Amino acid sequence: MSVMSTFFQVVGKNKLANKLALRFGMRFGAQRFVAGDKDAEAIKCVQELNNKGLLTMLNYLGEFVYTEEAAHVATQNCIKTLDIIHHNKLQSNLSIKISSLGVDISQEFCLSNLRKILNHAQKYNIFVRLEMEDYAHCQGTLDIYKTLRQEFENIGTVLQAYLYRTMDDIKDLNQYNANLRLVKGAYLESGQVAYQNKVDVDKNYMEMIKTHLLNGNYAGIASHDDKVVEEVVKFTNENNISKDQFEFQMLLGIRGDLQQKLAAQGYRVRVYVPYGIDWFGYFMRRLAERPENVSFVLKNLFKK
Ligand code: FDA
């Protein structure tokens, strides 16, 4: 983890920095990674992607909520996003963070918010994915997923390759026929719980993808890494794994070229489209991941 990464992770959790960033709006470059702070901007962004043959997953931004009131607002925002998807006939599902829905207040409270969202999504036949956040929320996310998976078909979650525990979770979730997004992992975690070396993360990542696919489960392979994409294409061809059993997932504003190329080859490609006013933490993680993104933002700072 670079010094720059650590800096942005820490700043991303700072409330004052968050407030200042919100006041300055999106003009520092966040608009490359975030559809906008208004519904209309999110709709337009998704329509443009859909018209290019790309699927999407909308995320109404928000995380680390500690009051019931804020969690209720986040729940309503998710429900509103489902209405937006349905009424505008968007080819999109919904991606959510349980820390925005009150899991840090109580698991029961969070479950009741999630049931409202999932029931609403079920009426519209929309799939909902629980994202994986920092390690402190990992077990809670999986417990909640397992509980709700017994009540709902339209739910999935995420596993992170940098955690030592993940191969065990892949095996455990096999009994739920889990629809999983598989990622390398985006949070700053200690060596007690997570690989610190990129080589180890990459190796574990391919192992989890292959195991999950060979178990016959659906995978969202969420990576911008050419090597990963190439290996997945080769592996699925060699093992006769249908293009219907997986999709490539990428973030808005990153590797648009690769998204289009894969879609043209008949692969299902889904773009993560975050929107809403609470974009600062998300934006900071994108900067922390890649120094090139920082220079992109700095250039924007000085543009008129
Ligand atoms: P990695 O960082 O390993 O880089 C490998 C190569 O990929 C680079 O050398 C470059 O070629 C290419 N690349 C990577 N980033 C690029 C960029 N910004 N621009 C151009 N090229 C780039 N994490 C998490 O903890 N919980 C979650 O729920 C999610 N959800 C999620 C959804 C989706 C759709 C995606 C794509 C990612 C996530 N993540 C996530 C983030 C994920 O864990 C990870 O941090 C990032 O995807 C970066 O890892 P990569 O495998 O993309 O590339």
Side-chain angles (χ1 to χ4, degrees), residues 1-2 4-5 8-9 12 29-30 32-35 49 54-59 61-64 92-100 127-138 141-142 145 156-163 165-166 169 179-189 193-206 208-209 219-232 246-259 261-262 268-274 281-297:
M1 194 68 61
S2 70
M4 188 67 94
S5 257
F8 282 117
Q9 297 264 3
R32 176 179 156 192
F33 306 105
V34 176
L49 291 165
L54 301 167
L55 304 167
T56 62
M57 45 199 150
L58 273 165
N59 169 255
L61 288 159
E63 54 193 319
F64 304 118
S92 186
N93 55 39
L94 180 71
S95 203
I96 49 187
K97 289 186 170 51
I98 62 163
S99 75
S100 72
F127 181 82
V128 176
R129 189 175 301 283
L130 310 184
E131 297 183 9
M132 192 55 81
E133 302 176 65
D134 57 343
Y135 185 73
H137 290 96
C138 179
T141 305
L142 294 179
Y145 167 75
T157 188
V158 180
L159 289 181
Q160 299 155 321
Y162 60 18
L163 297 184
R165 59 174 285 166
T166 290
D169 290 327
N179 176 328
L180 294 179
R181 176 193 299 160
L182 304 173
V183 301
K184 291 185 187 174
Y187 296 79
L188 185 63
E189 303 295 359
V193 297
Y195 295 107
Q196 304 294 302
N197 215 320
K198 183 160 166 48
V199 178
D200 295 326
V201 177
D202 287 357
K203 186 166 166 276
N204 204 37
Y205 189 49
M206 282 318 302
M208 63 197 263
I209 292 172
I221 294 147
S223 174
H224 312 100
D225 190 342
D226 283 314
K227 281 198 217 112
V228 168
V229 171
E230 278 162 29
E231 207 169 329
V232 168
F246 66 98
E247 63 191 39
F248 290 107
Q249 300 187 344
M250 295 184 207
L251 303 175
L252 181 69
I254 301 181
R255 298 301 314 267
D257 56 337
L258 184 56
Q259 296 170 16
K261 185 177 133 194
L262 289 166
R268 203 175 278 167
V269 180
R270 193 176 293 279
V271 182
Y272 183 90
V273 179
Y282 175 83
F283 177 47
M284 285 297 130
R285 279 196 294 283
R286 301 293 75 79
L287 297 189
E289 264 162 16
R290 201 165 159 82
E292 287 90 328
N293 289 342
V294 179
S295 54
F296 165 82
V297 170

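Whatever order the structure lists them in is the order used to number ligands and atoms, beginning at 1. Small disclaimer: the values here were computed from a predicted structure and weren't measured. Numbers here are sequence positions counted from 1.
Against a heavy-atom cut-off of under 4.0 Å, Glu131 is close to the following atoms of ligand 1: 28 (O). Taking every heavy atom of Ile254 and a limit of under 4.0 angstrom, the matching atoms of ligand 1 come to 16 (C), 17 (C), 18 (N), 19 (N). Below 4.0 Å from some heavy atom of Met132 lie the following atoms of ligand 1, by number and element: 24 (C), 25 (O), 26 (N), 27 (C), 28 (O). Those atoms of ligand 1 that come under 4.0 Å of a heavy atom in Gln160, given as number and element, are 24 (C), 25 (O), 26 (N). Close approach of ligand 1 to Leu251 (heavy-atom distance below 4.0 Å) involves ligand atoms 32 (C), 33 (C), 34 (C), 35 (C), 36 (C), 37 (C). Atoms of ligand 1 found under 4.0 Å from any heavy atom of Tyr187, numbered from 1 in the order shown, are 25 (O).
Between Ala186 and ligand 1, a contact under 3.5 Å exists for at least one N or O pair. Not a single N or O atom of Met250, backbone or side chain, sits closer than 3.5 Å to an N or O atom of ligand 1. Polar contact with ligand 1: absent for Tyr162 (N/O pair, distance under 3.5 Å). For ligand 1, the polar-atom distance check finds an N/O of Lys184 within less than 3.5 Å of one of the ligand's N/O atoms. Here's the thing with Ala222: none of its N/O atoms is less than 3.5 angstrom from an N/O atom of ligand 1.
With a 4.0 Å cut-off on non-hydrogen atoms, Arg255 touches ligand 1 through its side chain and not its backbone. When non-hydrogen atoms are compared, ligand 1 lies under 4.0 Å from the backbone of Asp225 as well as from its side chain. With a heavy-atom cut-off of 4.0 Å, Met57 touches ligand 1 through its side chain alone. By the criterion of a heavy-atom distance under 4.0 Å, both the backbone and the side chain of Gln249 are placed next to ligand 1.
Across the listed options Ser95, Ser223, Gly256, Ser223 owns the non-hydrogen atom lying nearest to atom 51 (O) of ligand 1. Nearest to atom 4 (O) of ligand 1 by heavy atom, out of His224, Lys198, Arg129, is Lys198. Comparing heavy-atom distances from atom 42 (C) of ligand 1 across Gly185, Ala161, Cys138, Pro274 singles out Gly185 as nearest.
For the atom pair CG of Leu252 and CG of Leu49, the computed distance is 6.5 Å after rounding to the nearest 0.5 Å. Summarising the geometry, atom CE belonging to Met132 is positioned 11.0 Å from atom CG belonging to Leu182; distances are rounded to the nearest 0.5 Å. For the atom pair CG of Leu180 and CG of Leu159, the computed distance is 5.0 Å after rounding to the nearest 0.5 Å. In this structure, His224 NE2 and Leu258 CG are separated by 8.5 Å, a value rounded to the nearest 0.5 Å.
The two atoms that bring Tyr195 and Leu163 nearest to each other are CE1-O, 4.3 Å, heavy atoms only.
Looking at Phe246 and Ile209, their side chains never come closer than 4.5 Å, going by heavy atoms from C-beta outward.
Contact between Asp226 and ligand 1 is absent, with no heavy atom of the residue lying under 4.0 Å from the ligand. Ligand 1 lies within reach of Arg181, whose nearest heavy atom is under 4.0 Å from it.
Looking at Asp202 and Lys227, no side-chain N of the basic residue comes within less than 4.0 Å of a carboxylate O on the acidic one, giving no salt bridge. We find that Lys198 and Asp200 are not joined by a salt bridge, their nearest charged nitrogen and carboxylate oxygen being 4.0 Å or further apart.
When the ring pair (Phe, Tyr, Trp, His ring centres under 6.0 Å) test is applied to Tyr205, no partner is found at least two apart in sequence or on another chain. In terms of the ring pair (Phe, Tyr, Trp, His ring centres under 6.0 Å) criterion, Phe127 has no residue partners (sequence neighbours excluded).
Checked against Gln249 for a side-chain hydrogen bond (donor to acceptor under 3.5 Å, both in side chains), the options Arg181, Gln259, Arg270 give a single hit: Arg181. Each of Asn59, Asn93, Thr157, Asn179 was evaluated against Arg129; a single residue qualifies, Asn179, per the side-chain hydrogen bond (donor to acceptor under 3.5 Å, both in side chains) test.
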